Amino acid sequence: MRILGIETSCDETAAAVVEDGRKLISNVVSSSEAIHAKVGGVIPETAAREQLKYMLPVIEETTKDTTYDAIAVTQGPGLIGSLLIGVETAKALAYTKNLPLIPVNHLVGHIYANWLLPDEPKLPGIVLIASGAHSDIVLMTGHGKFEYLGGTRDDAAGEAFDKAARLLGLPYPGGPAIDREAKSGTPGKIKLPRPLQNDQSYDLSFSGLKTALRQIVEREKPAVADTAAEVQEAITDVLVEKTIRAAREKKVDSILLGGGVVANQRLREKLRQAWSGNFYVPEVKLSTDNAAMIASAAFYSNRPVNPLEVQADSSLSLENL
Ligand code: KG4
Ligand code: ZN
């Protein structure tokens with residue numbers, strides 16, 4: 001079965017066709033990132049206007065050499081104006097073509113980017129989802145079976161990267177910019193906190209890190225590369241510690257990663273070193289927002305609904321699936 005996935009939760013307009021949940025047939029991501037880079041962040045109104053322009057051309061490009069049997073769409077979480085473009089387009093397409101429509105939680109989508117790897121993930125496993133707006137640790141025991149263990153109490157990991165980059169005068173999006181800068185810097189020259197690292201819960205908190213960084217930058221004006229390296233080290237130390245502890249405590253053999261932040265090279269490297277069990281991480285272009293992961297998640301969730309009843313929901317989470 002081939003599923004057309006549609007994803008418009010933030011600043012990207014994406015479509016993809018995936019066969020049987022695992023085989024990528026086509027994948028198109030158009031991003032208005034360059035426009036947002038000029039102002040240092042996503043302006044929801046601008047994002048939605050760009051998505052309206054690109055939605056149909058992106059779907060046409062994705063499906064020019066393939067047919068599809070069902071449609072999947074990101075229902076939330078995300079920016080409501082952006083989500084609406086994808087959801088309403090998907091509803092109209094499903095209705096007029098008389099095809100099943102499957103709504104997908106964007107965060108579950110990030111998890112299913114791992115099913116596009118050559119090796120199918122072995123479950124149960126601990127999943128770390130770290131994106132621009134969410135950081136969650138969940139236990140996955142089967143398809144659609146998640147136990148929420150913990151997540152951020154304030155800023156998400158990606159938000160921490162983005163805000164730190166801004167303080168350092170680096171461009172948006174901040175994660176890739178810090179990843180790049182950090183390569184020529186040395187962590188530890190300045191010292192940032194590792195919030196909740198030794199706390200026994202699976203909660204995460206990154207807003208204190210940003211405050212500490214602001215004070216150091218104003219007071220000491222440290223070198224950008226060294227500061228970027230320490231920011232990256234601090235955020236990834238906490239993510240690694242909590243993920244590994246969850247895997248040990250829940251006695252699972254697998255760790256899976258998802259979300260834009262797991263594109264971070266240092267995070268991948270540190271987890272790989274710290275964990276000798278099965279380790280799954282999507283390739284970089286499927287870690288950040290894309291529609292292939294939505295089509296894959298839809299295949300496994302297999303819950304077609306009446307297209308006209310699907311509503312965009314900006315506040316969906318992993319906590320109460
Ligand atoms: O999953 P995603 O593409 O969009 C959301 O669902 O939010 O994640 C975007 C986030 C941004 O905060 C971006 O700075 C971060 O992922 N990111 C990275 C890297 N690439 C993207 N963070 C750290 N290192 C990277 N290489
Ligand atoms: Zn995302």
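Just the heavy atoms: all of them, side chains too, but no hydrogens, waters or symmetry mates, feed the values below. Counting convention: from 1, in listed order, for ligands and their atoms alike. Since we're looking at a predicted model, the values are computed, not measured.
- At a cut-off of 2.8 Å, measuring from the Zn ion (ligand 2), the protein N, O or S atoms that fall short of it are H106 NE2, H110 NE2, D289 OD1, waters left aside.
- Using modelled atom types and a 3.5 Å distance limit, the side chains of D313 and S315 yield a donor-acceptor pair.
- Among protein heavy atoms, the minimum distance from atom 3 (O) of ligand 1 is reached at D289 N, 3.1 Å.
- There is no side-chain donor-acceptor pair under 3.5 Å between T243 and E241.
- Here the heavy atom of the protein found nearest to atom 24 (N) of ligand 1 is N264 ND2, 3.0 Å.
- Residue pairs meeting the salt bridge (charged side-chain N to carboxylate O under 4.0 Å, His left out) criterion with at least one member in residues 62-86, sequence neighbours excluded: E61-K64.
- With hydrogens and angles ignored, the 3.5 Å screen pairs a side-chain donor or acceptor of T152 with a backbone N or O of D154.
- Donor-acceptor pairing under 3.5 Å is lacking for the side chains of S207 and D155.
- Using a 4.0 Å cut-off to heavy atoms of H110, the atoms of ligand 1 that qualify are 1 (O), 6 (O).
- Here is the list of ligand 1 atoms found below 4.0 Å of a heavy atom in T288: 3 (O).
- Between E12 and ligand 1 there is no heavy-atom distance shorter than 4.0 Å.
- Between the side chains of T236 and K270, at least one donor-acceptor pair of N or O atoms lies under 3.5 Å.
- Between H106 and H110, the ring planes are perpendicular. Angles over 60° get that label, and only those under 30° would be called parallel.
- The shortest heavy-atom distance from C10 to ligand 1 is not under 4.0 Å.
- Looking only at atom types and distance, the side chain of Q51 has no donor-acceptor partner in the side chain of T8 under 3.5 Å away.
- Nearest non-hydrogen protein atom to atom 7 (O) of ligand 1 is G132 N, 2.8 Å.
- Under a 4.0 angstrom heavy-atom cut-off, H106 registers as being in contact with ligand 1.
- Protein heavy atom nearest atom 11 (C) of ligand 1, with residue, atom name and distance: D162 OD2, 3.6 Å.
- Cluster membership check: I43 does not share its hydrophobic cluster with L84, using side-chain heavy-atom separations under 4.5 Å among Ile, Leu, Val, Met, Phe, Trp and Tyr.
- Close contacts of ligand 1 with A133, meaning ligand atoms under 4.0 Å from a residue heavy atom, involve 7 (O).
- Scanning G158, G260, G175 for the heavy atom closest to atom 21 (C) of ligand 1 points to G260.
- Hydrophobic clustering places L117 together with M140 (ILVMFWY residues linked when any side-chain heavy atoms are closer than 4.5 Å, directly or through intermediates).
- Close N/O approach between D179 and ligand 1 is found [any backbone or side-chain N/O within under 3.5 Å].
- A donor and an acceptor atom, one from each side chain of Q232 and N264, are located under 3.5 Å apart.
- Residue contacts with ligand 1 for P176 involve both N, CA, C or O and side-chain atoms from C-beta outward (heavy atoms, distance under 4.0 Å).
- Applying the side chain to side chain donor-acceptor pair (under 3.5 Å) test to residues at least two apart or on different chains, the pairs with a partner in residues 17-28 are R2-E19.
- Considering backbone and side-chain atoms alike, Q265 places every N or O at 3.5 Å or more from each N or O of ligand 1.
- Taking Ile, Leu, Val, Met, Phe, Trp and Tyr as members and joining any whose side-chain heavy atoms lie under 4.5 Å apart, directly or through other members, the hydrophobic cluster of I85 also contains L4, I6, V17, I25, L52, M55, I59, Y68, I71, V73, V87, L93, L99, L101, V305, V310.
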